[in-house]
Amino acid sequence: MTIVDIQHAEVYRGDQQVFADLTLQIDAGVDTAILGPNAAGKSTLLKLLSLDIHPVLRNNGFLRLFGRDTWNVWELRRHLGVVSHDLQHRYLDAAHGINVILSGYYASVDTYEHHGFGYGELVRATHIMEDMGILHLQDRAFGDMSTGEQRRFLLGRALIHDPEALVLDEPTSGLDLRACFHYLEIVRGLMSKGKTLILVTHHIHEIPPEVTRVVLLKKGRIIGDGPKEEMLTAAHLTGLFDTPVQVVRANDWYQVLPGR
């Protein structure tokens with residue numbers, strides 16, 4: 001199954017053209033990192049995948065998710081879980097942890113009186129919090145949580161429908177080392193259970209070993225696309241970030257150091 005199939009899409013944010021002719025395919029089971037510097041178009045791509053914005057389609061272009069051209073956004077969330085910085089910034093501070101998880105059923109930023117939850121849905125939310133290691137925070141307000149705790153709750157929210165794929169936006173940005181490692185271990189556990197990961201980032205260190213494909217994005221253009229070991233080289237990354245780098249690899253994790 002093809003999760004993402006974008007062909008010849010022209011994409012705007014307001015009056016600003018971000019992509020002139022975007023073509024990108026991501027198949028189920030192919031864990032993919034989309035890597036690029038600031039102003040590469042990563043945020044716009046995230047909004048495209050979550051259907052917050054729509055492309056201009058010319059020259060027989062199309063945008064298909066899971067083989068379909070049209071979606072109800074709430075239905076799409078059953079298949080594609082999205083955790084973005086934009087969601088974290090606009091989520092309501094007063095929402096209690098349990099309600100953050102449950103709000104995934106309605107794609108809302110808290111739960112409200114007209115939202116109904118049965119026993120099975122409450123059990124599902126509890127199991128997710130147990131898996132995320134956040135059950136003890138179920139009554140804490142979202143605004144009183146650490147950044148790492150908030151990220152785990154939002155990941156749990158995205159998992160409420162047990163989607164086939166996850167889209168994560170720089171998931172470890174702002175986390176300390178311990179929280180970073182913990183979050184990545186959770187993500188790796190989900191990948192081992194068959195979730196397809198689409199990671200959108202400029203942080204090389206947060207690309208898990210299970211990711212096999214890397215797409216290099218720069219100024220609204222895909223400038224590289226291929227196996228991780230071929231894309232994460234000093235030459236490619238120096239060109240991508242416009243600064244000399246060296247690449248270090250250990251246990252299939254990658255990191256960059258300043259180059260000469």
Are Asp86 and Lys47 ion-paired here, with the side-chain N under 4.0 Å from a carboxylate O? yes

Between Lys195 and Asp162, does at least one N-O distance fall below 4.0 Å, as a salt bridge requires? yes

Validate the cation-pi geometry between Arg64 and Phe62: distance from NZ or CZ to the six-membered ring centre under 6.0 Å, angle to the ring axis within 45°. yes

Measuring from Leu168:CG to Ile198:CD1, what's the distance to the nearest 0.5 Å? 9.5 Å

Between Arg13 and Val18, the two heavy atoms sitting closest are CG-CG2, 3.7 Å

One should read off an interatomic distance between Leu87 CG and Leu46 CG, to the nearest 0.5 angstrom, of 11.5 Å

Flag the pair His236 / Thr233 as yes when at least one side-chain heavy-atom distance between them is below 4.5 Å, and no otherwise. yes

Residues that Glu229 engages under salt bridge (Lys or Arg N to Asp or Glu O under 4.0 Å), provided they are two or more places apart: none

Take a 6.0 Å sphere around CZ of Arg68 and say whether it holds more than 12 heavy atoms from other residues, nucleotides or ligands. yes

Just so I know, are the side chains of Leu51 and Leu63 near enough to count as touching, which here means a heavy-atom distance under 4.5 Å? yes

Using a strict cut-off of less than 4.0 Å between a Lys/Arg side-chain nitrogen and an Asp/Glu carboxylate oxygen, indicate whether Arg213 and Asp31 qualify as a salt bridge. no

Any donor-acceptor pair under 3.5 Å linking the side-chain atoms of Thr201 with those of Glu170? no

When you measure from the side chain of Arg124 to the backbone of Ile160, do you find a donor-acceptor pair of N or O atoms at a distance under 3.5 Å? yes

Report the relative orientation of the aromatic rings in His203 and His205; use parallel for angles under 30°, tilted for 30 to 60°, perpendicular for over 60°. tilted

Donor-acceptor contact below 3.5 Å, side chain Thr23 vs main chain His8: yes

I need the minimum non-hydrogen distance between Glu206 and Pro208, along with the two atoms involved. O-CD, 3.1 Å

Taking only residues two or more places apart in sequence, or in another chain, which ones meet Glu10 in a salt bridge (Lys or Arg N to Asp or Glu O under 4.0 Å)? Arg58

With heavy-atom distances below 4.5 Å as the criterion, would you say the side chains of Ile222 and Leu22 are in contact? yes

Give a yes or no on whether the backbone of Trp74 and the side-chain of Asn72 come within a donor-acceptor separation of less than 3.5 Å. yes

Decide yes or no on side chain to side chain contact (heavy atoms under 4.5 Å, CB included) for Tyr91 and Gln150, but give the supporting numbers first. CA-CA 10 Å; Tyr91 207 92; Gln150 289 180 346; over 6 Å; no

Please confirm whether the backbone N or O of Leu232 pairs with a side-chain atom of Arg249, one donor and one acceptor, at under 3.5 Å? no

For the pair Thr147 (side chain) and Leu175 (backbone), establish whether a donor and an acceptor sit closer than 3.5 Å, ignoring hydrogens and angles. no

Residue pair Met132 / Ile128, side-chain heavy-atom distance below 4.5 Å: yes

Can you tell me how far apart CD1 (Ile3) and CG (Leu65) are? Round to the nearest 0.5 Å. 9.5 Å

Does CG in Asp242 sit with more than 12 non-hydrogen atoms of other residues, nucleotides or ligands closer than 6.0 Å? yes

Residues passing the salt bridge (Lys or Arg N to Asp or Glu O under 4.0 Å) test with Glu121, sequence neighbours excluded, are none

Flag side-chain contact, heavy atom, 4.5 Å: Pro55 against Leu48: yes

Consider only side-chain N and O atoms of Gln25 and Thr2, and report whether a donor and an acceptor are under 3.5 Å apart. no

Do the side chain of Lys228 and the main chain of Val211 share a donor and acceptor less than 3.5 angstrom apart? yes

Taking a hydrophobic cluster as the set of Ile, Leu, Val, Met, Phe, Trp and Tyr residues connected by side-chain heavy atoms closer than 4.5 Å, whether directly or through intermediates, do Leu154 and Met191 fall within one such cluster? yes

Quick one: are Ser103 and Val109 in side-chain contact, heavy atoms under 4.5 Å? no

Where Leu45 and Phe19 come nearest, the two heavy atoms and their spacing: N-CE1, 4.1 Å

Tyr112, OH: over 12 other non-hydrogen atoms inside 6.0 angstrom: yes

If you measure from the Lys or Arg side-chain nitrogens to the Asp or Glu carboxylate oxygens, is any gap between Glu210 and Arg188 under 4.0 Å? yes

Heavy-atom check, side chain of Ser108 versus side chain of His115, under 4.5 Å: yes

Honestly curious: do Val256 and Leu199 fall in one hydrophobic cluster under the side-chain, below-4.5 Å linking rule? yes

Donor-acceptor pair, Glu230 side chain versus Pro227 backbone, under 3.5 Å? no

Between Gln138 and His96, a side-chain donor and acceptor under 3.5 Å: no

Any sub-3.5 Å donor-acceptor pair from Lys218's side-chain atoms to Gly36's backbone N or O? no

Rounded distance (nearest 0.5 Å) linking atom CD of Glu75 with atom OG1 of Thr70: 9.0 Å

Applying the 4.5 Å side-chain criterion to the ILVMFWY set and letting contacts propagate, would Leu80 and Val200 be lumped into a single cluster? yes

Answer with yes or no whether the hydrophobic clustering places Leu49 together with Leu57; edges join I, L, V, M, F, W, Y residues whose side-chain heavy atoms lie under 4.5 Å apart. no

Are the side chains of Leu166 and Thr196 in touch, meaning some heavy atoms are under 4.5 Å apart? no

On a heavy-atom basis, the closest approach of Gln88 and Phe142 is O-CE2, 3.9 Å

Under the 3.5 angstrom rule, does the side chain of Arg77 hit a backbone N or O of Ser50 as a donor-acceptor pair? yes

For Leu240 against Pro37, the heavy-atom pair lying closest together: O-CG, 3.6 Å

I'd like to know if the side chain of His182 and the backbone of Arg178 have a donor-acceptor N/O pair within less than 3.5 Å. no

Is there a path of hydrophobic side-chain contacts, each under 4.5 Å between heavy atoms of I/L/V/M/F/W/Y residues, joining Tyr183 to Ile204? yes

Is the ring pair His79/Phe66 parallel, tilted or perpendicular, if the boundaries are 30 and 60 degrees? tilted

Taking the inter-plane angle between the rings of His161 and Tyr105 on a 0 to 90° scale, is it parallel (under 30°), tilted (30 to 60°) or perpendicular (over 60°)? perpendicular

When rounded to the nearest 0.5 Å, the distance separating CD1 of Ile53 from OH of Tyr12 is 12.0 Å

Could you grab the distance from atom CG of Leu24 to atom CG of Asp225, nearest 0.5 Å is fine? 7.0 Å

